[in-house]
Trainee: 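Here it is, the structure, as structure tokens.
Position 1 is the first residue of the sequence, and the numbers go up from there.
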Amino acid sequence: MPNEQQHVTNLDSWLDSYAARAETLAVSEVRALFSVVSRPEVVSLAGGMPYVAALPQDLLAKAYNDMMKEKGLLAIQYGGGQGDQKLREQILELMALEGINASVEDLVVTTGSQHGLDMLAGLFLDEGDVVLAEGPSYVGAIGIFRHYEAHIEHVYTDHDGMSPEALQDSIDKMKAQGKKIKFLYLVPNFANPSGVTLSADRRPKILEICKREHILIIEDNPYGLLYFDKPVPDALRSMDDEGIVYLGSFSKILAPGFRVGYVLAPPAIRDKMVLAQESALLCPSSFTQMMISEYLANADWKGQIDTFRGVYKERKDAALSAMHEYLPNLETTRPDGGFYLWVTLPEGIDSKAMLPLAVKELVAYTPGTAFYGDGTGQRYLRVCYSYPTPENIKVGIKRLANVINLQTDLMETFSNSGR
Ligand code: PMP
């Protein structure tokens, strides 16, 4: 009897025609879950979806009407490959909130920061090249780097973000193996999936190491403005403008459906990105860029970010208090912003193997293995608290505790019976 994979493959009469790189396109563990977790009875602590219902619909309706009245024909036309000039000027204002002072010429608007990452990977990575990344790291970036057949070398990361000493060790190790390091990929603020923030102390140290070793830094920062109590330390890009490519996005501070992100890059890289963008897309969507531009010009976008902060803080508090109540012995990160908790399971429990049992108990999470390019991460899981209500987060974590406790009991029973 063929398994499901064979069944699908057998139906594909173009199997011999695909490029070898098509093999590297695996369904992400997060996306694979979507069909299951969208059932209303399941509490999903899995996909990192922004709570867009906190965005007043009339704000967007007004931006749409005003934009169409003023610029309707331009909005439905092709635009420039680098992105809308006015929006790029407005993005400078946004980046200034994180200490970044830049020129509008060095900004490229992208179709979400995901597309920015893909273009960078396409520009820099040949098969076998090394990407240094936090351990754990963003699943969507891992998927891209794998697609370009890079080797992902995870660098030890703790509650203060990536360790500079471990970074130096990883660089030395890769160099000793004769490997070519192409860049360091970092999510310095409220990282996906760990929720941790790179401390102010470590930022200049990481920068100094990369400068000395001539390693480009890709600083991916979609969550930085979603802090709970105090702003994050200044961006790495605010300390250096030659060795850093900075990515930002409207997905978390407005809404992901617009698919608008941006990349700030040194001029030579920027030129190549514009060419790559023109080649892949001709131009980013004029329509959604102009909608966002209108929203930034006339709506209280800072007030809206405050609203999002309040929503996510309340949910983070609900998640941490439920962890404290139902799983008091498990270690979890305590984020100061963003969407995620990173939970360490008792030794011997495999988060990927446990997932079907959790879904049976009507709760879903993302297994830690999704966030490592080297097959590790079984002992961890990511809880995303951004989307469910605080009440449902509590219910979800209680269900999760039932599953984990049952696994722990079973392990103890087996180990006792073996004595
Ligand atoms: N980087 C990180 C760290 C993310 O968490 C995400 C989305 N989950 C992205 C990039 C991609 O965001 P978008 O393409 O929606 O801008």
Side-chain angles (χ1 to χ4, degrees), residues 82 88 91-92 95-96 98-108 110 113 116-126 129-134 137-138 141 144-145 148 150-157 160-175 179-189 191 197-222 224 232-249 261-277:
Q82 190 167 353
R88 283 188 286 131
I91 291 170
L92 292 185
M95 291 195 306
E98 297 190 81
I100 299 175
N101 184 3
S103 152
V104 74
E105 293 310 315
D106 295 335
L107 257 179
V108 183
T110 57
S113 48
L117 275 174
D118 185 75
M119 285 193 286
L120 285 164
L123 286 178
F124 284 98
L125 299 178
D126 286 317
D129 285 345
V130 173
V131 173
L132 300 165
E134 290 136 322
S137 185
Y138 167 49
I144 291 173
F145 303 151
Y148 288 94
H151 167 80
I152 300 160
E153 182 69 15
H154 291 287
V155 179
Y156 175 74
T157 301
D160 284 327
M162 180 176 282
S163 147
E165 293 74 28
L167 173 62
Q168 186 66 59
D169 289 347
S170 296
I171 294 171
D172 294 345
K173 180 175 136 198
M174 291 295 102
K175 280 167 63 175
K179 293 204 166 121
K180 218 173 183 175
I181 302 171
K182 285 299 176 68
F183 53 74
L184 165 65
Y185 170 71
L186 265 184
V187 184
N189 301 315
T197 295
L198 182 63
S199 68
D201 268 17
R202 286 184 177 181
R203 292 182 186 223
K205 292 183 186 157
I206 300 261
L207 199 58
E208 195 190 306
I209 293 171
C210 288
K211 252 182 152 21
R212 193 174 59 237
E213 300 281 354
H214 193 60
I215 294 172
L216 182 69
I217 298 178
I218 296 186
E219 180 176 22
D220 184 11
N221 184 26
V232 293
D234 278 350
L236 290 155
R237 176 56 180 74
S238 72
M239 304 168 204
D240 178 63
D241 55 6
E242 282 173 6
I244 299 184
V245 177
Y246 176 93
L247 289 99
S249 174
Y262 47 93
V263 176
L264 176 65
I269 299 177
R270 170 212 63 205
D271 286 350
K272 289 206 162 37
M273 292 206 75
V274 175
L275 292 175
Q277 173 134 284

Trainee: Would you mind reporting whether Val263 and Met273 have side-chain heavy atoms less than 4.5 Å apart?
Mentor: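 The answer is yes, as the side chains (C-beta and beyond) meet within the 4.5 Å cut-off.
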Trainee: Could you tell me the separation between the OG1 atom of Thr110 and the CD atom of Gln82, rounded to the nearest 0.5 Å?
Mentor: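 Answer rounded to 0.5 Å: 12.0 Å.
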Trainee: Could you walk me through whether Met119 and Lys272 pass side chain to side chain contact (heavy atoms under 4.5 Å, CB included), step by step?
Mentor: CA-CA 9 Å; Met119 285 193 286; Lys272 289 206 162 37; over 6 Å; no
Trainee: Indicate yes or no for a side-chain donor-acceptor contact from Arg203 to the backbone of Asp234 under 3.5 Å, with no hydrogens or angles considered.
Mentor: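 Here the side-chain-to-backbone pair exists.
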Trainee: So Ile206 and Met162, do their side chains get closer than 4.5 Å, heavy atoms only?
Mentor: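 SC-SC contact between Met162 and Ile206 confirmed.
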Trainee: Under a 4.5 Å cut-off applied to non-hydrogen side-chain atoms, are Ser137 and Ile152 in contact?
Mentor: no
Trainee: Could you grab the distance from atom SG of Cys210 to atom CD1 of Ile171, nearest 0.5 Å is fine?
Mentor: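 Rounded to the nearest 0.5 Å, the SG-CD1 separation comes to 5.5 Å.
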Trainee: Asp129 side chain to Asp126 main-chain N or O, any donor-acceptor pair under 3.5 Å?
Mentor: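 Checking the backbone N and O of Asp126 against the side chain of Asp129, a donor-acceptor pair under 3.5 Å is found.
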Trainee: Would you say the side-chain atoms of Arg88 pair up with the backbone N or O of Val108, donor to acceptor, closer than 3.5 Å?
Mentor: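 A pair under 3.5 Å: no.
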Trainee: Lys182 and Phe124: which non-hydrogen atoms are nearest, and at how many Å?
Mentor: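 Closest approach of Lys182 to Phe124: NZ-O, 2.9 Å.
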Trainee: Whether the side chain of Ser170 engages the backbone of Ala166 through a donor-acceptor N/O pair (distance < 3.5 Å, no angle test) should be reported.
Mentor: yes
Trainee: First locate atom CG of Asp169, then atom CE of Met174, and finally report the distance between them rounded to the nearest 0.5 Å.
Mentor: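 Separation between the atoms: 11.0 Å.
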Trainee: Does the separation of the ring centres of Phe145 and Tyr138 fall below 6.0 angstrom?
Mentor: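 No.
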Trainee: Ser103 and Leu264: which non-hydrogen atoms are nearest, and at how many Å?
Mentor: O-CD1, 4.4 Å
Trainee: Could you tell me whether the side chain of Glu219 and the main chain of Leu236 form a donor-acceptor pair under 3.5 Å?
Mentor: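 Looks like yes, one N/O pair under 3.5 Å.
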Trainee: Report yes or no: does Ser163 contribute a side-chain atom to a donor-acceptor pair with the main-chain N or O of Gly161 at less than 3.5 Å?
Mentor: no
Trainee: The test is salt bridge (Lys or Arg N to Asp or Glu O under 4.0 Å); show your working for Glu213 and Lys175 and say whether it passes.
Mentor: CA-CA 10 Å; Glu213 300 281 354; Lys175 280 167 63 175; 2.6 Å; yes
